[in-house]
Amino acid sequence: MDDKEAIDLLEKQIVTLEKAGIDMSGDRKFFYVGEWDLALEGVYVAYKKHPGILDAAEVMALVEDFRMDTSEFDRRY
């Protein structure tokens with residue numbers, strides 16, 4: 001996936017979580033200023049804490065695209 005597709009998908013994930021009632025305000029701020037890695041960390045934590053809201057394949061595609069190390073979050077949640 002190219003950068004635009006990844007950023008669009010990341011925003012889609014944030015919107016989906018917000019619609020589910022999850023406070024993503026801090027992560028949205030990171031998104032707005034271009035801190036994509038930090039915004040993705042927030043999305044990933046929300047994904048782990050609230051299973052079933054996000055499409056797992058989409059989340060994992062973002063994790064792979066951003067080369068994010070999820071081991072810390074996987075141990076905690």
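Keep in mind that this is a model prediction, so the values were computed, not measured.
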Exercise: identify the closest heavy-atom pair between I14 and A39:
CD1-CB, 4.4 Å
Under 3.5 Å, is there a donor-acceptor pair linking the side chains of D74 and Y44?
yes
Report the distance from atom CE of M24 to atom OG1 of T16, rounding to the nearest 0.5 Å.
10.0 Å
Distance from T70 atom OG1 to M60 atom CE, nearest 0.5 Å?
5.5 Å
Any salt bridge linking K12 with D8? Criterion: basic side-chain nitrogen under 4.0 Å from a carboxylate oxygen.
no
Is there a path of hydrophobic side-chain contacts, each under 4.5 Å between heavy atoms, that joins L38 and L62?
no
Inter-residue atom distance I53.CD1 - Q13.CD, 0.5 Å rounding:
11.0 Å
Let me know which of E35, M68, E72 forms a side-chain contact (heavy atoms from CB on, under 4.5 Å) with E41.
M68
Locate the shortest heavy-atom distance separating D69 from S71; write the atom from each residue and the value.
OD1-OG, 2.8 Å
Using a 3.5 Å distance criterion without hydrogens, assess whether the side chain of E5 forms a donor-acceptor pair with backbone atoms of D2.
yes
Joint cluster assignment, W36 & M1, ILVMFWY side-chain distance < 4.5 Å:
yes
CD of E58 to CG of L9, rounded to nearest 0.5 Å, is 5.0 Å
Shared hydrophobic cluster for V33 and V15 (ILVMFWY, side-chain gaps under 4.5 Å)
no
When hydrophobic residues are tied together by side-chain contacts of less than 4.5 Å, even through go-betweens, does V43 share a cluster with F30?
no
With rounding to the nearest 0.5 Å, note down the distance linking CG in L10 to CZ in F31.
5.5 Å
To the nearest 0.5 Å, tell me how far D65 CG sits from D3 CG.
7.0 Å
